[in-house]
Amino acid sequence: MSNLLERGRSHTCNDLTGADEGKKVVLFGWVDSRRDHGGCVFVDLRDRFGKTQVVFDPQVEQKAHGLAGDLRNEYCIGIEGVVKSRGGNKNPKLHTGEIEVHATALDIFNKSEPPPFLIQDDIDTNEEKRLEFRYLDLRRPQLQKNFIMRHKAAQIVRRHLDSHGFLEIETPFLVKYTPGGARNFLVPHRVYPGKFYALAESPQLFKQLFMVAGFDRYFQIVRCFRDEDGRLDRQPEFTQIDIEMSFPTQDRIFEIVEGLVTTVWKECLGVEIKKPFARMEFDESMRRFGNDKPDVRFGMEHTDLTELVKQHDGGGVPLFADTVKNPANLIKALVVPASANLSRTEADKLEELCKGMGSKGLARAKLDEAGNWTQSPLAKTISEGMRSAINQATGAKPGDLLLFQFGRASLVHTVMANLRLHLGKKLGLIRDKEWAFLWVVNPPLFEYDEDTKTWAAAHHAFTKPVDADLQHIETDPGKVKCFRYDLVLNGFEIAGGSVRLHDPIVQGKVFKALGISAEEAQQKFGFLLQALKYGAPPHGGIALGFDRLNMLLTGTDSLRDVVAYPKTQKGVDLMTDAPNEVSAKQLEELHVRAIIPAKA
RNA sequence: GGGGUGGUAGUUAAGUUGGUUAUAACGCCGGCCUGUCACGCCGGAGGCCGCGGGUUCAAGUCCCGUCCACCCCGCCA
């Protein structure tokens, strides 16, 4: 060993250019590839900054060349050498391609077993292996780029919010369990038998109390915990940019967030996003797209046929006639253009997709040259009047295929929203270079729960209702809209928030509509209700999903590519094997007994 | 909890209507090679075909169950 570690590196593997010719340098890194010519040995040395070609030439240094023969991929080494121009033999693929380093010394810091997969981008490796050897996966340049970008975004967020007067203050993770919302992870307490903390699913109530405290503007880049099943864009622990401000209007909050997001996009990607962002009413989003996070980068919108079918008194289609008898039901259609040229088999596959989401099937009708319906059981009985009315309402043209869903509104929306997305991707309709930011605003304050036959808070119980709708709160709660908003980007919900209720009288009405008694409210949210009595300022805020933001920013198609140590869909960490069993003694200390369900 | 897709060498994949010794590429090991840059050439090793049952003369292939991963529904105020 020539003690290179003590001397320290002089440059990173992305630094050296023709201007450095003749310099004696020390580089540290990993062997990215080795090309042994028996005489010269070439090594591409990699660190997180880039790569540099190192040449071991026996005529330059016999000893180093001898050692270099033992090098293998992913050995961690240090080299000392002299920078030489490559003259006409440059490597345009490398930033350091003008030069190479002729090694005069080599230290092997650590050997490496052959890695289970190649440390290269664009290598398709199975997800399980990647997660098991996460530290090797993270060594790949693309993932390193993602986390460098994530770091940069976090710094921009801090700087931007700081410059707008927001204070970064931390809130507890170990909190009181409050009902409603996501399932919580629970933490048993050693000192208090039978009592538990919950891991915070968000700092929601604490940030509101900051406003009562007079901090005026707060933010935090904060971890949140929710015990729910995973998705492409959902992890059990995830990071929010949490924001709350006093004396807001909805527009003021939007301005802050738009400023923040456009700054991030500009500084991270060099992309100029137009402000203000587009806005859409929640109801309109549901009607046109079937969900509250529409990807508006393509058309293929839904047509709601419920009223039309009612007007035609079922139009000779018994299934439709039955559907519209129930006011909670819906009939929707979308048009697959003739150009898609969907085969019978492909349409059958779509039907299977629908069934997988709980739908009974997928009614279809193809338009012939005259606009008549073919290849459809609906065609046999439908009245000519309703058929042409549907053709007109949907804009369907000869050769187009109509797809229908009918039944319970929530199911129809879900199925049709996913069907639209599926077709959009499959048919290549999505304009994938576009950044489609969209505010979805004014959803209903309450949602009717079909199972329990009660009204529930659609967001949380502390969202401010639209003043003009307050008159309906007792008679028709479903009509009451509220100051809640989601920011949607390319079909992903990247932020959600609301203007809060700070008026105890209106708060009482909301609780009443939710069927929550004063005692119950006191027991569950007492500390917040109490706080609101001490001159709580009008306040409101928002939380941005920092992981999702990064997923879109880096153009990756999974949250796992921007979370350093992600968990599987079922919440397992394949690298550490968490969660794991603990000893009987530990359980006893926590006053907890494990009940393992018997396997059939 | 439900639907779908996948699981074959270290990795990525191929494997026909069930039929001899399960292929290939990369990686790995050995040898050769002084200008490669995903070096090249020659040779070699490497397999519980996820796991368990079943059908069959015969199963990677067919059937049933089960586990794991991914995508979706439910769930995510």
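For the numbers below, each heavy atom of this structure counts, side chains included, while hydrogens, waters and symmetry mates do not.
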With rounding to whole Å, what would you report as the distance between [N] and [M] at their [atom1] atoms?
{"N": "B:G53", "M": "B:G46", "atom1": "C1'", "result": "30 Å"}
{"N": "B:C26", "M": "B:G50", "atom1": "C1'", "result": "23 Å"}
{"N": "B:U17", "M": "B:C62", "atom1": "C1'", "result": "12 Å"}
{"N": "B:C41", "M": "B:A25", "atom1": "P", "result": "11 Å"}
{"N": "B:U12", "M": "B:G31", "atom1": "P", "result": "29 Å"}
{"N": "B:A69", "M": "B:U61", "atom1": "C1'", "result": "23 Å"}
{"N": "B:U56", "M": "B:C64", "atom1": "C1'", "result": "16 Å"}
{"N": "B:G2", "M": "B:G65", "atom1": "P", "result": "12 Å"}

Nucleotide by nucleotide, nucleotides 30-37 of chain B touches protein heavy atoms under 4.0 Å in the pattern (B base, S sugar-phosphate only, - none) S--BBBBB
Given atom [atom1] of [X] and atom [atom2] of [N], what is their separation to the nearest angstrom?
{"X": "A:Q569", "N": "B:C73", "atom1": "CD", "atom2": "P", "answer": "10 Å"}
{"X": "A:K349", "N": "B:U5", "atom1": "NZ", "atom2": "P", "answer": "9 Å"}
{"X": "A:E128", "N": "B:G10", "atom1": "CD", "atom2": "P", "answer": "15 Å"}
{"X": "A:Q120", "N": "B:U12", "atom1": "CD", "atom2": "P", "answer": "14 Å"}
{"X": "A:M357", "N": "B:C71", "atom1": "CE", "atom2": "P", "answer": "16 Å"}
{"X": "A:R34", "N": "B:C28", "atom1": "CZ", "atom2": "C1'", "answer": "11 Å"}
{"X": "A:N126", "N": "B:C70", "atom1": "CG", "atom2": "P", "answer": "10 Å"}
{"X": "A:L574", "N": "B:C67", "atom1": "CG", "atom2": "P", "answer": "16 Å"}

Can a side chain N or O of A:S558 be found less than 4.0 Å away from OP1 or OP2 on B:C70?
-> no
Side chain of A:K207, backbone of A:I243: donor and acceptor closer than 3.5 Å?
-> yes
Between A:F462 and A:F525, ring centroids under 6.0 Å = yes
For residues A:F42 and A:H37, establish whether the separation of their ring centroids is below 6.0 Å.
-> yes
Is there a Watson-Crick or G-U wobble partner for [N] with both distances under 3.5 Å, and if so, which one is it?
{"N": "B:C57", "value": "B:G19"}
{"N": "B:G10", "value": "B:C26"}
{"N": "B:U34", "value": "none"}
{"N": "B:G65", "value": "B:C51"}

Any salt bridge linking [X] with [Y]? Criterion: basic side-chain nitrogen under 4.0 Å from a carboxylate oxygen.
{"X": "A:R297", "Y": "A:D295", "value": "yes"}
{"X": "A:R231", "Y": "A:D229", "value": "no"}
{"X": "A:R484", "Y": "A:D486", "value": "yes"}
{"X": "A:D561", "Y": "A:R130", "value": "yes"}

Interatomic spacing from CG in A:L532 to CG in A:L209 - rounded to 0.5 Å = 8.0 Å
Rounded to the nearest 0.5 angstrom, the CD-NZ distance for A:Q405 and A:K360 is 10.5 Å
Which nucleotide, B:C73, B:C75, B:A69, lies nearest any side-chain atom of A:K570?
-> B:A69
Most 5' of A:A182 and A:K355 on RNA chain B, judged by nearest nucleotide | A:K355
Sorted by position of nearest nucleotide on RNA chain B, 5' first, the leading residue of A:L131 and A:P179 is A:L131
Test ring-ring contact (aromatic ring centres under 6.0 Å, His included), reference A:F225, set A:F173, A:Y197, A:F185, A:F238, output is A:F173
Does NE2 in A:H95 sit with more than 12 non-hydrogen atoms of other residues, nucleotides or ligands closer than 6.0 Å?
-> no
Answer yes or no: does atom CZ of A:R139 have more than 12 heavy-atom neighbours from other residues, nucleotides or ligands under 6.0 Å?
-> yes
Just call it for [X]: base, sugar-phosphate, or nothing, with non-hydrogen atoms closer than 4.0 Å on any strand.
{"X": "A:A461", "answer": "nothing"}
{"X": "A:S202", "answer": "base"}
{"X": "A:T463", "answer": "nothing"}
{"X": "A:R484", "answer": "nothing"}
{"X": "A:E352", "answer": "nothing"}

So which protein nitrogen or oxygen atoms get under 3.5 Å of nucleotides 23-27 of chain B's nitrogens or oxygens?
none

Can A:D573 and A:T576 be counted as having a side-chain donor-acceptor contact under 3.5 angstrom?
-> yes
For RNA chain B, find the residues of residues 230-243 of chain A with a heavy-atom distance under 4.0 Å and give them by number; none if there aren't any.
-> A:R231, A:L232, A:R234
Taking it one step at a time, do A:E237 and A:K567 satisfy salt bridge (charged side-chain N to carboxylate O under 4.0 Å, His left out)?
-> CA-CA 9 Å; A:E237 51 180 312; A:K567 296 185 172 49; 3.0 Å; yes
